[in-house]
Amino acid sequence: MALPVVSYLKLPEDGDPYIEGHKCSNCGSVFLGERSVCSNCSSRDTMEAVKLNNKGKLYSYSIVFRSFPGIDVPYISAIVDLDGGGTIKGNLIECEPDPEKIEFDMPVEVVFDDALGRKDADGNSYISYFFKPVN
Amino acid sequence: MSDVYVLGVDMIKFGRFPERTVPDLASEAALLALDDAGLSIQDMQALYCGNLGQASAMVGQRVLQEIGQTGIPVVNCANACATGATAFREAWTSIKAGLYDVVLAVGVEQMGKGLLGGGGAGKGIPKEGLLGSGTMPAVFAEAGMEHARKYGTTFEQFAKISVKNHHHSTMNPKAMYRIETPLEEVMNAEMISYPNSKLMCSVNVDGSAAAVLVSEKKAKELGMERAVRVKASVITSDPYQERDLVMPDVNTCTRKAAREAYEMAGIGPEDLDLVELHDCFATAEMLHYENLGLCEDGEAGRMIDEGEVALGGKIPVNVSGGLLSKGHPLGATGIANIYEVCTHLRGEAGERQVEDAKIGLTHVIGLGSACGIHILEKT
Ligand SMILES: [Zn+2]
């Protein structure tokens, strides 16, 4: 069985994958990953797990032409603000790596797929998330 | 509380010295700074040593083992690219606190070639190129594109920053590179992470820099002619920002540090004659014109277009050549930029001298994040 690439990607047995946030009930800040104290307002025990939206808008990006050995380039490294709160970073796929073709605030959707065939030392495969433009 | 003065300061010419050791590089700068102050290691009451690569290897003590084991307190510090500035500030703090009258601050780094950042093995599988990029050129490209989304800043405007800093470096004998890079060359260089081409990324080099800091009492005793007054010393960490988790924020901690530094110095950005700021990438320099209040928000592109930040302009930025061309030995950078500003305030900068310079500002950012700002004044 494939594992989630990060702890905040949830793969429920009986439902679709989703990104989990932890939201502070005092100030509304949304974090990725479990925590007990809010780093914005310092409240304790105000964190609630929430399912983040899988629709969002492109906030910023870079087109990466040089990376570490073995990493396929070019690709678009994208920062996406999810509708309703939370910001995540990932690869923007199915979009030409050309600044002329990439627009700020373009609507994107979070999709889930195999982690580009990457496996860990024990041979486990992984599920990752990607961004896809919404037409 | 006593005012604090820089009595001696110097740096080695940045370059690649794989055959040398970290303490050896640091010792060279330390001796240069001591000579500049006309003092000996025997006169120093404490040593503050900044280095990242060997942060757990007692670099400061190994420096004293090379140049004089006097038994003084040594503090080794690491704070990403703000490491040198942090060592300098610790030295400043000790004099402010009245503990010492004469202390030494050293920053040093020996770097490999190649990309910084990214990787982050951790558990599971590598995330580079899967969950975007963690390489430094990409992270700072994304920060620059945030400026582009707000103000329409162009690739060409970012590239002009690199043209300017490379031009400045032709006048600095201590810079790693001293070559002109015309706009077409910068824009057509290998693209690393759009909009940062290869010539828009700082140069990984080995280097060291050091400063002798003294109390007012000591400065008066030893002679004020070449002393430089430290008007403000500020370090901040990154206040909470909503995109923190995926997008390191170099703006908020810089704005906070700038605000506090101007207040401490009792001046405003309009009083500055030169600035050495953290141009780890061309995209980063653009952000800091606004973060440091050199112009209004949204005016940074115009500033570079109109040459206001070039030598001879309204407020020259990175006349040393900056990290882009002088080079960026992480732990040394924060003291090397203090050397640059002091050299102008002393009127000893030769061909690149900013005319009649009286007050200058240095700025560094360590991602993760730390911002260090110093304001220096001619005596
Ligand atoms: Zn909160």
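Naming convention: chains lettered A, B, ... in sequence-line order (proteins, then strands); numbering from 1 in each chain.
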Practice item. Could you go through the side chain to side chain contact (heavy atoms under 4.5 Å, CB included) check for B/I125 and A/L3 one step at a time? Key: CA-CA 10 Å; B/I125 53 173; A/L3 302 166; over 6 Å; no
Exercise for review: For residues B/S133 and A/S77, report the shortest heavy-atom separation together with the two atoms involved.
Suggested key: N-OG, 3.0 Å
Exercise for review: Could you tell me whether B/E306 atom CD has more than 12 heavy atoms of other residues or ligands within 6.0 Å of it?
Suggested key: yes
Review point. Side-chain contact, heavy-atom cut-off 4.5 Å: A/V73 with B/M191?
Key: no
Practice item. Identify the residues of residues 110-129 of chain A whose heavy atoms come closer than 4.5 Å to a heavy atom of chain B, ordered by number, or report 'none'. Key: A/A115, A/L116, A/R118, A/K119, A/D120, A/Y126, A/S128, A/Y129
Point to revise | B/K256 atom NZ: more than 12 heavy-atom contacts under 6.0 Å | key: no
Exercise for review: Using distance alone, with no hydrogens and no angle criterion, decide if B/E142 and A/Y61 have a side-chain donor and acceptor under 3.5 Å apart.
Suggested key: no
Practice item. Identify, with sequence neighbours excluded, every residue that meets side-chain contact (heavy atoms from CB on, under 4.5 Å) alongside A/S39. Key: A/F31, A/R35, B/Y240
Point to revise | Between CG on residue A/D98 and OH on residue B/Y194, distance to nearest 0.5 Å | key: 8.5 Å
Exercise for review: Output, in order, the C-alpha distance, side-chain angles, deciding distance and verdict of side chain to side chain contact (heavy atoms under 4.5 Å, CB included) for B/M247 and A/S60.
Suggested key: CA-CA 9 Å; B/M247 194 174 182; A/S60 190; 4.1 Å; yes
Review point. Do you know the tightest heavy-atom contact between A/V5 and B/K127?
Key: O-CE, 3.1 Å
Exercise for review: Mind running side chain to side chain contact (heavy atoms under 4.5 Å, CB included) on B/E190 and A/F65 for me, showing each step along the way?
Suggested key: CA-CA 9 Å; B/E190 179 193 351; A/F65 291 87; 6.0 Å; no
Exercise for review: Assess whether atom NZ of B/K160 is packed by more than 12 heavy atoms of other residues, nucleotides or ligands within 6.0 Å.
Suggested key: yes
Review point. Can you say whether A/Y75 sits under 4.5 Å from chain B via the side chain, the backbone, both, or neither, judging by heavy atoms?
Key: side chain
Check your understanding: How far apart are the closest heavy atoms of A/S67 and B/T135, and which atoms are they?
Key -> OG-CG2, 4.5 Å
Revision key, fill the gap. For B/A148 and A/F104, the nearest pair of non-hydrogen atoms, with its separation, is C-CE1, 4.0 Å
Review point. Does atom CD of A/E109 have more than 12 heavy-atom neighbours from other groups under 6.0 Å away?
Key: yes
Exercise for review: May I ask you to check whether over 12 heavy atoms, not counting those of B/E299, lie within 6.0 Å of atom CD?
Suggested key: yes
Check your understanding: Any side-chain heavy atom of B/M145 within less than 4.5 Å of one from A/I79?
Key -> no
Study note, to complete from the structure: In terms of heavy-atom pairs under 4.5 Å with chain A, the winner among B/R243, B/E242, B/Q241 is B/R243
Review point. How close do A/F68 and B/E128 get, heavy atom to heavy atom, and via which atoms?
Key: CD1-CG, 3.8 Å
Point to revise | Winner by heavy-atom pair count (cut-off under 4.5 Å) against chain B, out of A/I93, A/D72, A/D105 | key: A/D105
Point to revise | Structural part of A/I102 lying under 4.5 Å from a heavy atom of chain B | key: neither
Review point. Considering all heavy atoms of both residues, which atom of B/L245 and which atom of A/V30 are nearest to each other, and what is their separation?
Key: CD1-O, 4.2 Å
**Study point:** Steps toward side chain to side chain contact (heavy atoms under 4.5 Å, CB included) verdict (A/R66, B/K198)
**Key:** CA-CA 10 Å; A/R66 199 195 296 175; B/K198 189 168 185 186; 4.0 Å; yes
Revision key, fill the gap. The interface call for A/L32 against chain B, heavy-atom contacts under 4.5 Å, is both
